[in-house]
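Encoded as structure tokens, the structure appears first; notes follow it.
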Amino acid sequence: MYYIFILGTAGSGKTTLVKAFADYLEDNDMDVAIVNIDPAVESLPYVPDVDVREHVDSHEVMRRFGLGPNSALITSIDLALTKAKEIKDEMDQIRANYVLVDTPGQIELFAFRETGRLMASLIKGDNKAVGVFLLDGVLSKEARSFVSLLLLSSAVRFRMDFPVLNALSKVDLLSPAELERIKRWSEGESLLDELGKIDEYSFELAKTLIENLSSFPVPVSATKFEGLDDLYGEVQNVLAGGEDFLTEEPNPRL
């Protein structure tokens, strides 16, 4: 099985993309399972095969310990790890080509805390995995926000035990000119000029980020089902050297 972790800041479109990408893979005759590891989400557009909310309720944690929403979510993930055996038993029941993992919007879980890495390791086991970090397209229209999101993506990539790709979400909300400008920034053109007056450290940091950006983040729109072919191609390139997934047994839906 291949595991795909959808990561990103709150509101970047992770859950919507999980649903759209699951539909895309199923439409292409691949078996898909979905794992939700956000204990605070109230409703989902899909039915998860494994749901962390069955083991811990962030809202109950908030009431019980008198915590705010963010602290309650972080504490909930910590508590979920105490249910590692039960979660692992559930994961062992999954049989699918791809497992999509929907993650919380509190990106500090994966950028700064050991909890996120441990949870990801528990979920994927010994299987191959890749992360897809969503750069919110609306936020990315502003040069400094674009650089900040790249920094967050780099922090997540540094912490995780698997490769992390960048995808530009919500491209249906961008004009062609805005999308082209972000593409030019990704290629190192004009971004440093558009950052305005910044100190030398920030300048060199932004320069290094762009110089080490391997490619333009994959543009996707989960609501318009755009870019999913390209996203699948990038994911497959990491997981299987670009080869399409082939199962040893016939797909029962064929």
* Structure fact -> Between the CG atom in Leu205 and the CG atom in Asp199, the distance rounded to the nearest 0.5 Å is 9.5 Å
* If you group Ile, Leu, Val, Met, Phe, Trp and Tyr by side-chain heavy-atom gaps below 4.5 Å, do Leu173 and Phe216 land in one group? -> no
* Rounded to the nearest 0.5 Å, how far does CG of Asn166 lie from CG of Leu7? -> 10.5 Å
* To do: Under the side-chain contact (heavy atoms from CB on, under 4.5 Å) rule, what do Asp49 and Gln93 come out as? Steps first, then yes or no, please.
  => CA-CA 9 Å; Asp49 295 88; Gln93 300 304 310; over 6 Å; no
* Determine the minimum heavy-atom distance between Pro163 and Ala129, stating which atoms define it. => CD-O, 3.6 Å
* **Arg113 atom CZ: more than 12 heavy-atom contacts under 6.0 Å** => no
* Under 6.0 Å from the CD atom of Glu211, do we count more than 12 heavy atoms belonging to anything else shown? -> yes
* Check: Leu150 and Ile210 side chains under 4.5 Å, non-hydrogen atoms -> yes
* CD on Glu26 to OH on Tyr98, rounded to 0.5 Å -> 13.0 Å
* To do: Indicate yes or no: at least one non-hydrogen side-chain atom of Val101 is less than 4.5 angstrom from one of Met119.
  => no
* Pairwise side-chain contact, Phe133 with Arg157, heavy-atom cut-off 4.5 Å (strictly under) -> no
* Asked: Are Arg63 and Glu60 close enough for a salt bridge, meaning some N to O gap below 4.0 Å?
  -> yes
* Asked: Is there a donor-acceptor pair under 3.5 Å between the side chain of Ser12 and the backbone N or O of Thr9?
  -> yes
* Is it possible for you to say whether Leu81 and Phe65 belong to one hydrophobic cluster, with membership spreading through side-chain heavy-atom contacts below 4.5 Å? => no
* To do: Over all heavy atoms of both residues, which pair between Ala120 and Met160 is shortest? Give the atoms and the distance, please.
  => CB-SD, 4.3 Å
* Mind checking whether Ile34 and Val52 sit in one hydrophobic cluster, side chains of I, L, V, M, F, W, Y counted as touching below 4.5 Å? -> no
* **Reported CD1-to-CG distance for the pair Ile107 and Leu134, which is rounded to 0.5 angstrom** => 9.0 Å
* Asked: Quick one: are Val35 and Met91 in side-chain contact, heavy atoms under 4.5 Å?
  -> yes
* **Test item: Ser121 side-chain N/O and Arg117 main-chain N/O as donor-acceptor pair under 3.5 Å** => no
* Carefully, step by step, assess Val132 and Val220 under the rule side-chain contact (heavy atoms from CB on, under 4.5 Å). => CA-CA 11 Å; Val132 177; Val220 295; over 6 Å; no
* To do: Hey, could you give me the NZ/CG distance between Lys85 and Leu122, rounded to the nearest 0.5 Å?
  => 12.0 Å
* For Ala96 against Ala33, the heavy-atom pair lying closest together -> CB-N, 3.8 Å
* Is it true that a side-chain atom of Ser153 and a backbone atom of Leu149 form a donor plus acceptor pair closer than 3.5 Å? -> no
* **Ile87 and His55, any side-chain heavy atoms less than 4.5 Å apart** => yes
* To do: Identify the two heavy atoms, one from Ala72 and one from Met62, that lie closest to each other, and give their separation to 0.1 Å.
  => CB-CB, 3.7 Å
* To do: Run the salt-bridge test on Arg159 and Glu114 with the 4.0 Å N-O cut-off and return the result as yes or no.
  => yes
* To do: Check whether any side-chain heavy atom of Leu17 lies under 4.5 Å from a side-chain heavy atom of Leu231, and answer yes or no.
  => yes
* To do: Working to the nearest 0.5 Å, report the span between CD of Gln106 and OG of Ser71.
  => 9.5 Å
* **Close side-chain approach of Ile74 and Glu108, heavy atoms under 4.5 Å** => yes
Just list the side-chain donor-acceptor pairs under 3.5 Å for residues 37-47, sequence neighbours left out, or say none.
{"unit_1": "Asp38", "atom_1": "OD1", "unit_2": "Ala40", "atom_2": "N", "d": "2.9"}
{"unit_1": "Tyr46", "atom_1": "OH", "unit_2": "Asp102", "atom_2": "OD2", "d": "2.5"}

* Would you check if the distance from the ring center of Phe5 to the ring center of Phe162 is below 6.0 Å? => yes
* To do: Find out if a path of hydrophobic residues (ILVMFWY) with successive side-chain heavy-atom gaps under 4.5 Å connects Phe110 to Leu118.
  => yes
* **Atom of Ser140, atom of Leu135 and distance for their closest heavy-atom approach** => OG-CB, 3.9 Å
* Please indicate whether Arg64 has more than 12 foreign heavy atoms, meaning atoms of other residues, nucleotides or ligands, lying under 6.0 Å from its CZ. => no
* Asked: For Val99 and Ile123, what are the C-alpha separation, side-chain angles and deciding distance, and is it a side-chain contact (heavy atoms from CB on, under 4.5 Å)?
  -> CA-CA 10 Å; Val99 180; Ile123 294 296; 5.6 Å; no
* Asked: Is the backbone N or O of Ile182 less than 3.5 Å from a side-chain atom of Ser186, with the two atoms forming a donor-acceptor pair by type?
  -> yes
* So, the side chain of Asp51 versus the backbone of Glu54: is there a donor-acceptor pair under 3.5 Å, distance only? -> no
* **side chain to side chain contact (heavy atoms under 4.5 Å, CB included), paired with Ser154, selected from Val164, Thr208, Leu209** => Leu209
* Same hydrophobic cluster for Val138 and Leu179, using side-chain heavy-atom links shorter than 4.5 Å among ILVMFWY? -> no
* Asked: Angle class for the Tyr24/Tyr232 ring planes (parallel below 30°, perpendicular above 60°, tilted otherwise)?
  -> tilted
* **Any donor-acceptor N/O pair, Asp23 side chain to Ala20 backbone, under 3.5 Å** => no
* Asked: Hey, does the side chain of Asp31 reach the backbone of Asn97 with a donor-acceptor pair shorter than 3.5 angstrom?
  -> no
* **Side chain to side chain, Ile4 and Phe21, heavy atoms closer than 4.5 Å** => yes
* Asked: What closest approach, in Å, do Val171 and Glu226 show between heavy atoms, and which atom pair accounts for it?
  -> CG2-OE1, 4.1 Å
